[in-house]
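In what follows, a structure is listed as structure tokens, so that the remarks can point back to it.
Every value quoted in this text rests on a predicted model; they were computed, and no experiment measured them.
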Amino acid sequence: MSSGAAKEPLVLTEEVGSKGVITLNRPKALNAINLDMVRIIYGAMKSWETSKSLVIVKSVGEKAFCAGGDVRAITETSNVDLAKSFFSTEYGLNALIGNYRPTYIAFIDGITMGGGVGLSVHGKYRIATERTMFAMPETAIGLFPDVGGGYFLPRLEGKLGLYLGLTGFRLKGRDVFKAGVATHYVESKNLSALEQQLLATTSSTEVENVLERFSEKRDAGVEFVLEKQRKQIDQCFGAPTVEEILKRLEQDGSEWAQSTLKLLHKMSPTSLIVTQKQLELGAKMDLKTCLRMEYRLAVHHAIDSDFKEGVRALLIDRDQKPRWQPATLAEVDPARVEKFFGPLPDGSELVYEDDAPPANKANL
């Protein structure tokens, strides 16, 4: 016998006739995606782009679809080139998903955060279960809701997306469906049968019929967890600046407003202001343009921001005591915020494979 077992592949790809199945296989790390995984997924999807009619993406294990991107690797090395490789490849994949010819279906069963949102939310169908937990918690680590967050969050109803992006509020189970993040809700025990029936379909109409048959209606069951706060969210988070959002929450004075204020005061002040501007701009952009903006933001954050300190406090030392620089909203320099959205020092931009000259195609 071999002295060491063969390493399990981090991503499994399977072809079933005219369909493809991609399975994230890193359950001990909650299926968090690293650069190698993104490259495998991207490669499989590109190879199937003209030959498959449907692609399903799912994960191994019951805890997580994908808990995010491997941000520790980026911040621990302080390697800007690694950050550029990761973000350019990941955002290239997000753009591919958003413009994919085959029908793309993500089973977001379990924790779905950050990079996991990017792997799912831009596809045509997202299937939530009772185990789904969706969040974009980036402001808590000194980052911003990337992977196209600037595109999809402002397209949720009212100011719900800005609320989710600034606070990192967690939606669970049916609420992911009721918020419009998921397109369908299916009990996890039925996912296997759903997959088999989807793999047996022969048309897009059949796919829709199968999904409808397995899914609950959006108005079924209990009320949306934030239903009673919808008007307050729209009123408070409809303010033109983050400072004004906090003022409106203070004026509201309700228990919800007070708990929201407490939450926002934990976040990086710079990240809050960057995120509000990101979503304001992203609301008027297509996905590819938005991801180009987010690539600039991400690399600037890897160079100089609260990102490294946030990852240290929440994911490495876990002391939950980030020392934000600056520590208050009033101290955030507007010129520095603008710089995050500006060109990178080396003049590089996010380049997509389909719009790059042949010499640059190795970038993605």
Side-chain angles (χ1 to χ4, degrees), residues 24 27 30-31 56-68 97 103-137 145 147-149 151-198 207-234 237 254-256 259-260 263:
L24 308 184
L30 300 178
N31 295 309
I56 293 172
V57 60
K58 60 178 187 172
S59 59
V60 170
E62 298 180 355
K63 287 185 178 179
F65 166 65
C66 172
I97 291 167
T103 300
Y104 186 89
I105 304 176
F107 288 3
I108 52 173
D109 181 30
I111 298 167
T112 304
M113 299 194 297
V117 176
L119 275 180
S120 56
V121 79
H122 305 301
K124 185 166 186 179
Y125 300 116
R126 290 89 63 190
I127 316 303
T129 75
E130 77 281 0
R131 298 189 294 220
T132 303
M133 192 281 283
F134 164 94
M136 292 295 280
V147 296
Y151 178 80
F152 82 84
L153 286 172
R155 286 166 172 80
L156 296 178
E157 190 176 328
K159 290 296 176 179
L160 178 62
L162 182 60
Y163 168 75
L164 296 175
L166 292 180
T167 65
F169 184 86
R170 297 180 171 196
L171 293 172
K172 298 176 183 177
R174 288 176 176 84
D175 290 320
V176 182
F177 175 44
K178 290 178 184 293
V181 174
T183 57
H184 297 81
Y185 177 85
V186 176
E187 291 290 323
S188 58
K189 65 184 179 183
N190 296 324
L191 285 181
S192 181
L194 171 61
E195 180 180 349
Q196 292 310 308
Q197 291 202 27
L198 287 171
V207 169
E208 289 183 14
N209 290 341
V210 168
L211 289 171
E212 279 303 308
R213 198 160 63 246
F214 275 81
S215 179
E216 279 189 7
K217 302 299 179 194
R218 202 178 295 272
D219 56 1
V222 296
E223 186 178 68
F224 177 48
V225 66
L226 293 169
E227 192 60 44
K228 288 182 172 63
Q229 287 80 39
R230 283 283 185 119
K231 285 185 179 178
Q232 290 164 288
I233 288 171
D234 288 349
F237 285 80
S254 65
E255 188 179 336
W256 167 81
S259 65
T260 302
L263 202 55

Looking at Leu198, Asn190, Ile105, which hits side-chain contact (heavy atoms from CB on, under 4.5 Å) with Ile127? Ile105
Closest non-hydrogen atom pair between Gly114 and Val147, with its separation: O-CG2, 3.4 Å
Between Glu195 and Phe107, which heavy-atom pair has the shortest distance, and what is it? CB-CE2, 3.9 Å
Walk me through it: do Glu208 and Arg213 pass the test salt bridge (Lys or Arg N to Asp or Glu O under 4.0 Å)? CA-CA 9 Å; Glu208 289 183 14; Arg213 198 160 63 246; over 6 Å; no
Evaluate the ring planes of Tyr151 and His122, with Trp represented by its six-membered ring, and classify them as parallel (under 30°), tilted (30 to 60°) or perpendicular (over 60°). tilted
Over 60° means perpendicular and under 30° means parallel, so classify the ring planes of Phe237 and Tyr163, tilted if in between. perpendicular
Could you give all pairs that pass the salt bridge (Lys or Arg N to Asp or Glu O under 4.0 Å) test and reach residues 224-234, with sequence neighbours left out? Glu157-Arg230, Glu223-Lys228
Does anything in residues 108-128 pair up under salt bridge (Lys or Arg N to Asp or Glu O under 4.0 Å), and if so which pairs, sequence neighbours excluded? Asp109-Arg131
Does Glu130 have more than 12 heavy atoms from other residues, nucleotides or ligands lying within 6.0 Å of its CD? yes
[atom1] of [X] to [atom2] of [Y]: how many Å apart, nearest 0.5 Å?
X: Lys159; Y: Ile233; atom1: NZ; atom2: CD1; value: 12.0 Å
X: Phe65; Y: Lys58; atom1: CZ; atom2: NZ; value: 11.5 Å
X: Thr260; Y: Gln229; atom1: OG1; atom2: CD; value: 8.0 Å

Below 4.5 Å, heavy atoms only, C-beta onward: do Ile108 and Val121 meet side chain to side chain? no
Kindly say whether [Y] contributes a backbone atom to a donor-acceptor pair with the side chain of [X] at under 3.5 angstrom?
X: Ser259; Y: Trp256; answer: yes
X: Lys178; Y: Val225; answer: no
X: Ser188; Y: Thr129; answer: no
X: Ser215; Y: Tyr185; answer: yes
X: Asn31; Y: Ser59; answer: no
X: Ser120; Y: Gly118; answer: no
X: Lys63; Y: Gly110; answer: no

Could you tell me if the ring centre of His184 sits under 6.0 Å from that of Tyr125? yes
Please walk me through it: do Thr112 and Val176 pass side chain to side chain contact (heavy atoms under 4.5 Å, CB included)? CA-CA 10 Å; Thr112 304; Val176 182; over 6 Å; no
Which residues pass the ring pair (Phe, Tyr, Trp, His ring centres under 6.0 Å) test with Phe224, not counting sequence neighbours? none
Give the C-alpha distance, both sets of side-chain angles, the deciding distance and a yes or no for side chain to side chain contact (heavy atoms under 4.5 Å, CB included) between Leu194 and Leu211. CA-CA 8 Å; Leu194 171 61; Leu211 289 171; 4.1 Å; yes
Ser254 and Gln232: side-chain donor and acceptor closer than 3.5 Å? yes
